[in-house]
Amino acid sequence: MKIFCLSLGCAKNRVDSECLAGELKRAGHELVEDVELAEVGIVNTCGFIRPAVEESVAAILDLEQLKQQGKLKKIGVVGCLVNRYDMDLTSQMPAVDFWAQSEDWKRVIENLGGVSASYRCRTNLPASSPYTRYLKISEGCDNRCTYCAIPGIRGGLRSLPVDLLVKEAQQLVEEGAKELCVVGQDLTVYGTDLSNGSDLVGLLDALESSLPKNIWIRLLYLHPSRVTTRLLERVASGTQVLSYLDIPIQHADANVLASMNRAIDPAQLLAIFQTARSIDTSFALRTTCMVGFPGEGAVQYDNLLRFIEAARFDRLGAFTFFPEEGTEAATMHGQVPDAIKQKRLEKLLVLQENISIERQRDFLGKTLDVLIDRVETEYGFAEGRSFREAPEVDGLIEVRGVLDKIKQGDVVSVRMTEAMPHDMVGEVRAL
């Protein structure tokens, strides 16, 4: 059958979608890029926060409409939304033909009249770039942050074995990957649930020794309480591991952090980023934080701003606290009015924009290796990313100059000539 798969949510969910796509292809089905060409429509949902839930429900309703119009024979819903709401969904959406929780691809295949494989099978989604791929090294989380619904949706930590991950990484490289983004709910706890002493540093050693030397390895999502000097030094010294870390702080006031169940001393938190920069002044540091958590007053908010000024992050994502149902934080005292949250968010983003442009200017005149994501020969430019830009969440580098020999997936040397708060412009050196 011709099947259209829509993947919503985070990069970890995208890996799940690729695993489902691999199972579907192995069972003899054809994946199509356009839902109008499909006989079956499947949406891999996200249920992390209310906006994601609303997006997932809207996608399901779109598929239902296509089925009612006779354009689809079957529709299926899989993933986090099913994990979280299950029976509530099935009773409200009778037009859906089959439901499956995350990683229960056997149920999907059986509902389409096939037999599921007993091994992990993965393939890229149609129309997706083969050059940047995601390697999910674990599932679930044991951290129990008070604002987060993930443990209830995905369960506890489950690390994948090193040998399986090395094999999967090699497969992704064989399929064309130039950049592997290593993802999990929290990379720092990788292997702590395994009995063989595996850890993140050991996994990086195994990946670097088994992959071609020109492959980029980028680490995303590290809980700061377990980011050690040993890990920072390993990342900075790696020949393939990029000097880039995504370390969500969420906040920087001691009382707020304690309420979040992320009780790390703010001084120790700041030391992580200062140590990274002492090892390598070019170290690219990304973080995420929220404003308006219950109990955040003017003093706590100012502590967060001062921390951001001191840490000098290259990239920062920020959002307002949302009282997600089923979480401890949703019922805490001291909820902050939405209008105050929004004002605090806007002020924080202005601060970070000023820091970002200063960091960008540090790289003017320098030559960086840039992975080309898109080439627009007709308009005289290409777009790509260096070690400082993760896909989808960070800025881009606009590449000008000699473009006739450049194609998507190339890594080229580019001299930085212009800096903006999020993006840069550079000239490609003669090829």
As a quick check of understanding, evaluate side-chain hydrogen bond (donor to acceptor under 3.5 Å, both in side chains) for Ser356 and Gln352, giving each step before the final call.
CA-CA 6 Å; Ser356 294; Gln352 177 58 35; 2.9 Å; yes

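- Within 6.0 Å of the NZ atom in Lys74, the count of heavy atoms belonging to other residues, nucleotides or ligands exceeds 12.
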Side-chain polar contacts of residues 53-65 - donor-acceptor pairs under 3.5 angstrom, sequence neighbours left out - could you list them?
{"unit_1": "Ser56", "atom_1": "OG", "unit_2": "Cys46", "atom_2": "N", "d": "3.1"}
{"unit_1": "Ser56", "atom_1": "OG", "unit_2": "Cys46", "atom_2": "O", "d": "3.0"}
{"unit_1": "Ser56", "atom_1": "OG", "unit_2": "Ala52", "atom_2": "O", "d": "3.1"}

What do the steps show when you test Ser138 against Val189 for side chain to side chain contact (heavy atoms under 4.5 Å, CB included), and what is the final call?
CA-CA 9 Å; Ser138 62; Val189 294; 5.8 Å; no

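- Of all the heavy atoms in Val82 and Thr45, the pair that sits closest is N-OG1, 4.1 Å.
- For Tyr244, there are no ring pair (Phe, Tyr, Trp, His ring centres under 6.0 Å) partners at least two apart in sequence or on another chain.
- With a 6.0 Å cutoff to the six-membered ring centre and a 45° limit on the axis angle, Arg14 does not count as a cation-pi contact of Tyr134.
- Annotation: the span from Leu112 atom CG to Ile42 atom CD1 amounts to 5.5 Å, rounded to 0.5 Å.
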Starting from the C-alpha separation in whole Å, work towards a yes-or-no answer on side chain to side chain contact (heavy atoms under 4.5 Å, CB included) for Arg26 and Glu23.
CA-CA 5 Å; Arg26 188 207 60 81; Glu23 286 277 357; 3.9 Å; yes

The test is side chain to side chain contact (heavy atoms under 4.5 Å, CB included); show your working for Thr320 and Asp338 and say whether it passes.
CA-CA 8 Å; Thr320 59; Asp338 289 342; over 6 Å; no

Quick one, Asn44 with Asp16, criterion side-chain hydrogen bond (donor to acceptor under 3.5 Å, both in side chains). Give me CA distance, side-chain angles, the key distance, then yes/no.
CA-CA 8 Å; Asn44 186 14; Asp16 286 351; 5.1 Å; no

Gln171 vs Glu175, test: side-chain hydrogen bond (donor to acceptor under 3.5 Å, both in side chains). Steps then yes/no.
CA-CA 6 Å; Gln171 175 196 336; Glu175 293 174 359; 2.9 Å; yes

Working note: Phe387 + Leu368, criterion side chain to side chain contact (heavy atoms under 4.5 Å, CB included); need CA distance, chi angles, decisive distance, verdict.
CA-CA 8 Å; Phe387 78 96; Leu368 302 177; 4.1 Å; yes

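- Screening residues 144-192 for ring-ring contact (aromatic ring centres under 6.0 Å, His included) gives no qualifying pairs among residues at least two apart or on separate chains.
- The two residues Val183 and Tyr221 make their nearest non-hydrogen contact at CG1-CE1, 3.5 Å.
- When Ile137, Leu135, Asp163 are each tested for a side-chain contact (heavy atoms from CB on, under 4.5 Å) with Glu168, only one passes: Leu135.
- Applying the salt bridge (charged side-chain N to carboxylate O under 4.0 Å, His left out) rule to Glu324 yields the partners Arg84; only residues at least two apart in sequence or on another chain are considered.
- Applying the side-chain hydrogen bond (donor to acceptor under 3.5 Å, both in side chains) test to Thr123 and every residue at least two apart in sequence or in another chain returns nothing.
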Asp314 and Arg277: CA distance, side-chain angles, deciding distance, salt bridge (Lys or Arg N to Asp or Glu O under 4.0 Å) verdict:
CA-CA 11 Å; Asp314 295 80; Arg277 292 272 169 73; 2.5 Å; yes

Hey, mind stepping through Arg388 and Gln360 against side-chain hydrogen bond (donor to acceptor under 3.5 Å, both in side chains) and telling me if it holds?
CA-CA 10 Å; Arg388 301 182 63 239; Gln360 297 277 75; 2.7 Å; yes

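- Listed for the Gln300 side chain is no donor-acceptor partner under 3.5 Å among the backbone atoms of Asp253.
- Applying the salt bridge (charged side-chain N to carboxylate O under 4.0 Å, His left out) rule to Asp373 yields the partners Arg385; only residues at least two apart in sequence or on another chain are considered.
- When the side-chain hydrogen bond (donor to acceptor under 3.5 Å, both in side chains) test is applied to Ser198, the partners found at least two apart in sequence or on another chain are Asn196.
- When Lys12, Arg158, Arg154 are each tested for a side chain to side chain donor-acceptor pair (under 3.5 Å) with Glu139, only one passes: Arg154.
- Residue Lys67 comes nearest to Ala95 through the heavy atom pair NZ-O, 2.9 Å, listed as atom of the first residue, atom of the second, then distance.
- For the pair Ser259 (side chain) and Asn255 (backbone), a donor-acceptor distance under 3.5 Å is present.
- Residues Ile355 and Leu316 have side chains not in contact (no heavy-atom distance under 4.5 Å, counting atoms from C-beta outward).
- With respect to Arg344, the side-chain contact (heavy atoms from CB on, under 4.5 Å) criterion is satisfied by exactly one of Leu305, Leu349, Val291: Val291.
- Remark: Asp193 engages Ser159 in a side-chain hydrogen bond (donor to acceptor under 3.5 Å, both in side chains) (not counting sequence neighbours).
- Between Asp199 and Arg226, no side-chain nitrogen of the basic residue sits less than 4.0 Å from a carboxylate oxygen of the acidic one, so the salt-bridge criterion is not met.
- Considering all non-hydrogen atoms of both residues, Phe293 and Val336 come closest at O-CG2, 3.7 Å.
- Evaluation of the ring pair (Phe, Tyr, Trp, His ring centres under 6.0 Å) rule for Phe313 yields Phe273 as partners, not counting sequence neighbours.
- Checked against side chain to side chain contact (heavy atoms under 4.5 Å, CB included), Arg144 has the following partners two or more places apart in sequence or in another chain: Asp142, Pro151, Asn261.
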Start with the C-alpha gap between Arg234 and Asp205, add the side-chain angles, then the distance that decides, and say whether salt bridge (Lys or Arg N to Asp or Glu O under 4.0 Å) holds.
CA-CA 9 Å; Arg234 176 61 183 85; Asp205 292 342; 2.7 Å; yes

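- Just one residue in the list Val370, Leu396, Ile397 forms a side-chain contact (heavy atoms from CB on, under 4.5 Å) with Glu389, and that residue is Ile397.
- No cation-pi contact links Arg50 to Phe322, judged by a cut-off of 6.0 Å to the six-membered ring centre and 45° from its axis.
- Listed here is the closest heavy atom pair of Met332 and Gln335: O-NE2, 3.0 Å.
- Here the shortest heavy-atom pairing between Cys80 and Asn13 reads SG-OD1, 4.4 Å.
- Annotation: Lys343, atom NZ; neighbour count of heavy atoms from other residues, nucleotides and ligands within 6.0 Å does not exceed 12.
- Residues forming a side-chain hydrogen bond (donor to acceptor under 3.5 Å, both in side chains) with Lys73 (at least two apart in sequence, or on another chain): Glu39.
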Decide yes or no on salt bridge (Lys or Arg N to Asp or Glu O under 4.0 Å) for Lys136 and Glu18, but give the supporting numbers first.
CA-CA 11 Å; Lys136 184 166 70 169; Glu18 292 183 2; over 6 Å; no

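- From Ser7, atom OG reaches atom CG of Leu125 across 6.0 Å, with rounding to the nearest 0.5 Å.
- For residues 280-290, the pairs satisfying side-chain hydrogen bond (donor to acceptor under 3.5 Å, both in side chains) are Arg286-Asp394, with sequence neighbours left out.
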